[in-house]
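What follows is a single structure, written as structure tokens, with notes after it.
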Amino acid sequence: MTIFLTGATGYIGSVITEHLLAAGHRVTGLARSEKSAAALAALGAEPVPGSLEDCTAIARAARAADGVIHAAAELSPEGPRLDRIAVEAIAAALVNTGKPFVYTSGVWVMGNTGGHMADEETPVNPVPLVAWRAAHERIVLDASGLRGIVIRPAMVYGRGNGFLGQIFQPDERGVAHYVGTGENRWSFVDVDDLAELYRLALNAPASSVYFAAAGPALAVPIVAQAASRGAPLESLPLEEARRRMGPLADALALDCMVTARKAIEELAWKPAAPPVLEALAHRG
Ligand SMILES: NC(=O)c1ccc[n+]([C@@H]2O[C@H](COP(=O)([O-])OP(=O)(O)OC[C@H]3O[C@@H](n4cnc5c(N)ncnc54)[C@H](OP(=O)(O)O)[C@@H]3O)[C@@H](O)[C@H]2O)c1
């Protein structure tokens, strides 16, 4: 199959690309710069020049493919607007084709899960940072004439530092911070396991949602300790964290645990990577 991927140069998207190619698929990928196009070509994918707001290029590449995976995200205030443009362009291009459109969301749409493992039946309750995502999920899931599928990855780790390495990067004093009291827990997923789930999800039925998580949910300071390579830890009170990092603070303060039983049962997903603490301990 030919799969059109947005975000194919990103942390998650580049690993999805590898897994799709290894499974014998052809991958075309949106590339917004010469650098991204070269990175894609180096991976073995075919660059499609364009950015998330280039509806015409996106629609043409979506129609030419057998399925689409949207894993791009612009980390700017423009991000939600660009995401909507791309989502609407892909959904419109695939109407009446029956092709899969796999959309990348995240577990922050669940908000606090109240000490319980959320599953796909649990109603969303997004933190403000990702409030827009719930509407974009709905566009994908309600689209008719195609198979709209949403994947909500837990905190992703693997292949180096990833996002965890960034958020628990020690400051100039060598101290790493977690937000709030440190009693909150998160779920995790390895990036190669996650990429495999995307590949399997291309065969999922219309209007499917899947959490991607594996291994135990862990208290955040335990992970902060491992991700910061044993740096001394300090709690950052939520109000102070909001002043320093804006709405990201509330996402990092979440007590958010999810189960991926549905993906395991319906898609025969078999997450096999070492759990997050082991992976962090053995990274280069
Ligand atoms: N990482 C996690 O722990 C995690 C967990 C849950 C959900 N997610 C979600 O997963 C998605 C991907 O995350 P990631 O960690 O892989 O992000 P990432 O490493 O920052 O990758 C972002 C990708 O989007 C592309 N991109 C950004 N702006 C673009 C634009 N205007 N036009 C075209 N392409 C653009 C980037 O291309 P360039 O190479 O050109 O920059 C890159 O390929 C996001 O929606 C994120 O919220 C991530």
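Just follow the structure's listing: the first ligand is 1, and inside any ligand the first atom is 1. None of these values were measured; they are calculated from a predicted model.
With sequence neighbours left out, Asp83 forms a side-chain contact (heavy atoms from CB on, under 4.5 Å) with His70, Val87, Tyr103, Trp132, Arg133, His136.
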### Message
For a side chain to side chain contact (heavy atoms under 4.5 Å, CB included) check, start with the C-alpha distance between Val276 and Asp190, then their side-chain angles and the critical distance, and finish with the verdict.
### Response
CA-CA 7 Å; Val276 61; Asp190 168 80; over 6 Å; no

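The stretch residues 237-248 participates, sequence neighbours left out, in these side-chain hydrogen bond (donor to acceptor under 3.5 Å, both in side chains) pairs: Glu239-Arg242, Glu240-Arg243, Glu240-Arg244, Arg242-Asp250.
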For ligand 1, list every N/O pair with the protein closer than 3.5 Å, one pair per line with the distance.
| residue | atom | partner | partner atom | Å |
| --- | --- | --- | --- | --- |
| ligand 1 | 3 (O) | Val156 | N | 3.0 |
| ligand 1 | 16 (O) | Tyr11 | N | 3.3 |
| ligand 1 | 16 (O) | Ile12 | N | 2.9 |
| ligand 1 | 19 (O) | Tyr11 | N | 2.9 |
| ligand 1 | 24 (O) | Ala73 | N | 3.2 |
| ligand 1 | 28 (N) | Arg32 | NH1 | 3.3 |
| ligand 1 | 31 (N) | Glu74 | OE1 | 2.7 |
| ligand 1 | 32 (N) | Leu52 | N | 3.0 |
| ligand 1 | 37 (O) | Thr9 | OG1 | 3.3 |
| ligand 1 | 39 (O) | Thr9 | OG1 | 2.5 |
| ligand 1 | 39 (O) | Ser36 | OG | 3.2 |
| ligand 1 | 40 (O) | Arg32 | NE | 2.8 |
| ligand 1 | 40 (O) | Ser36 | OG | 2.6 |
| ligand 1 | 41 (O) | Arg32 | NH2 | 2.8 |
| ligand 1 | 43 (O) | Gly7 | O | 3.4 |
| ligand 1 | 43 (O) | Thr9 | N | 3.4 |
| ligand 1 | 43 (O) | Thr9 | OG1 | 2.6 |
| ligand 1 | 43 (O) | Gly10 | N | 3.0 |
| ligand 1 | 45 (O) | Arg133 | NH2 | 2.6 |
| ligand 1 | 47 (O) | Arg133 | NH2 | 2.9 |

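Other residues sharing the hydrophobic cluster of Met117, ordered by chain and number and joined by side-chain separations under 4.5 Å: Met257.
For Glu18 and Arg159, the salt-bridge test passes: some basic side-chain N is under 4.0 Å from an acidic carboxylate O.
Glu137 and Ser105 share a side-chain donor-acceptor pair at under 3.5 Å.
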